[in-house]
Asks: 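Sharing a structure with you now.
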Protein chains: 2
Amino acid sequence: MLTAERHDYILNKLRETGIVRLQELVNELNCSESTIRRDLTYLETKGLLKRIHGGAKRLYTVEEELTIKQKSVKNVHEKQLIGKLAASLVTDQDVIFIDAGTTTLEMIQYLPMKKDITVVTNGIHQATLLTDLGIRTYLVGGRLKNTTKAIIGASAIAQIRSYQFNKCFLGINGIDTEFGFTTPDPEEAAVKHAALRQSAHPFFLADYSKFEKVNFAKVCDLDDAAIITAGINEKNRSRYQKFTTVLEAKE
Amino acid sequence: MLTAERHDYILNKLRETGIVRLQELVNELNCSESTIRRDLTYLETKGLLKRIHGGAKRLYTVEEELTIKQKSVKNVHEKQLIGKLAASLVTDQDVIFIDAGTTTLEMIQYLPMKKDITVVTNGIHQATLLTDLGIRTYLVGGRLKNTTKAIIGASAIAQIRSYQFNKCFLGINGIDTEFGFTTPDPEEAAVKHAALRQSAHPFFLADYSKFEKVNFAKVCDLDDAAIITAGINEKNRSRYQKFTTVLEAKE
DNA sequence: ATGTTTTTGATTGAAATTAACCGCTTTCAC
DNA sequence: GTGAAAGCGGTTAATTTCAATCAAAAACAT
């Protein structure tokens, strides 16, 4: 057993389980305690893991990057609650679509990393974060919109139509009993609509500020998708529950 | 057993198993330890493998460990010169492809912004920067590679095939008179090849450190594309000018 | 055939890697 | 708290692997 082989083995195991025990490695790699200790010490100096009593754990630098990007976003707390709830709906083997936008960005950090999931997205930031977390990610191709860094256009829609999703998680700007789900840009609306059509269980992520608002382009009717929200008032909750499922995230 | 035969055997075995033991090779190739050592040393100087204690391993995994941020510090000055020259080749109404990678990233800031150009890219960073500069940008869709933030895979290639480019600007890891243009990841090589096929005028951007290097996956032969470089020495310039156009960027 | 260059194999001391041992610290159950 | 068990770093000696050297063998040109 060569040194590099052991190192690969350790790092791979760490990637999967998040933590490794020294004694386990001694058995599995069939070598002495000293050798494993030396390996762990070396890999720590390389910045590839963090040693802990009895073994080593994987380190996350990604979380630090997250906090930087989160600034300049309104209703952060509600969005985090929504993100956590949305992520909890994702199960093993799922193939999901995640829309561009700040609200959907929040859910990514809570995704079940250990499970085998595939994510398709049209958001640049979403895609970057997802791969950083080691999740299998597909980015939809097409024209890149300057302001929102979302991919839109006919090519994007065509590509989305070639997939089938278990669930999709979409951002939205306006929710209204009469006009349904609406957003300012017709092209973004078209992309959302396409993703929704390909999904067995579509969800809209929206904090309380999005209710009773109407925007230019309609995505779909209220009863076409469920709503995941937080901080909603009693009046709106009872009103919108008549039309569709409203999942409310709590502390 | 000829030298070239042994080299092929070693590289093939390395391709399959990712790691080779020196003693194994001695038995399998039926020659002395010294000979194998010599082979391994030579192949390492050619950049085809990484020697380790007791044998050798694939270079491919090592390259992955280098993040894009670590790479971008090397040869910055040369890359800027190259970028400036490359950008000066772009003219009004051009539809161009820009590859992922740090070298191509440098050329974007010099692009003629006032002119009407369209850019297609498979690099996340490239796409972000291009839209920030107000350039009409299309991002190719497909699987997102974690380490280089490049989009690869069959879907990306299919999409590239549906376009026609006036010019394409590709990054590259190895340039060699015998093996042509090479890069570590076969999937990235396939994307580069596809873009090159759709381009009237393909260019490779490479600083001096890329010459006389060979990587795992071949993109094309030397005479299939022009080279834009900087800081190249006299010997390499005269050698490579025999095979293809070499544009050298100066202060 | 002769001399030259290239390739190969064997030998060497140096360097790297390893397992085992030691005394010490941390952790955990009671 | 207290003792046992597990985990820790450091040292040691044996083993393996390494690079360098040199001479034999093979390939080559003249």
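Order of the sequence lines fixes the chain letters, A, B, ..., with proteins taken first and strands second; residue numbering starts at 1 for each chain. Computed from a prediction, not measured in an experiment: that's the story for all the values here.
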Asks: C:dG9 P sits how many Å from B:Leu25 CG, rounded?
Replies: 14 Å

Asks: Are B:Arg15 and B:Asp8 close enough for a salt bridge, meaning some N to O gap below 4.0 Å?
Replies: no

Asks: Mind telling me whether B:Phe97 and B:Phe165 have parallel, tilted or perpendicular rings, with 30° and 60° as the class edges?
Replies: tilted

Asks: What is the per-nucleotide protein-contact pattern of nucleotides 6-19 of chain D, from the 5' end, where B denotes a base atom under 4.0 Å from a protein heavy atom, S denotes such proximity for sugar-phosphate atoms only, and - denotes neither?
Replies: -SBS-------SBS

Asks: Please report the interatomic distance CG(A:Leu111) to NZ(A:Lys84), rounded to the nearest 0.5 Å.
Replies: 13.5 Å

Asks: Whole angstrom is fine here: how far is it from CD in A:Glu5 over to C1' in C:dT17?
Replies: 15 Å

Asks: I need the B:Leu105 CG to B:Thr128 OG1 distance, nearest 0.5 Å.
Replies: 9.5 Å

Asks: Round to the nearest Å and state the distance from B:Leu29 atom CG to C:dG9 atom P.
Replies: 11 Å

Asks: B:Asp185 and salt bridge (Lys or Arg N to Asp or Glu O under 4.0 Å): which partner among B:Lys218, B:Lys145, B:Lys192?
Replies: B:Lys145

Asks: Parallel, tilted or perpendicular for B:Phe169 and B:Phe203, by the 30°/60° rule?
Replies: parallel

Asks: Identify each atom pair where a protein N or O and an N or O of nucleotides 28-30 of chain C are less than 3.5 Å apart, giving names and distance.
Replies:
none

Asks: Check A:Leu170 against A:Thr104 and note the closest heavy-atom contact, atom names and distance.
Replies: C-CG2, 4.1 Å

Asks: How close or far is atom C1' of C:dT6 from atom CG of B:Asp39, stated in whole angstroms?
Replies: 14 Å

Asks: Would you indicate which nucleotide in C:dT18, C:dT8, C:dG9 comes nearest to any side-chain atom of B:Arg6?
Replies: C:dT8

Asks: Starting from P on C:dC21, measure out to CZ on A:Arg38 and report it in whole angstrom.
Replies: 16 Å

Asks: Between B:Asn233 and B:Asn236 (side chain of the first, backbone of the second, donor and acceptor by atom type, cut-off under 3.5 Å), is there such a pair?
Replies: yes

Asks: Are OP1 or OP2 of C:dA10 and a side-chain N or O of B:Ser32 less than 4.0 angstrom apart?
Replies: no

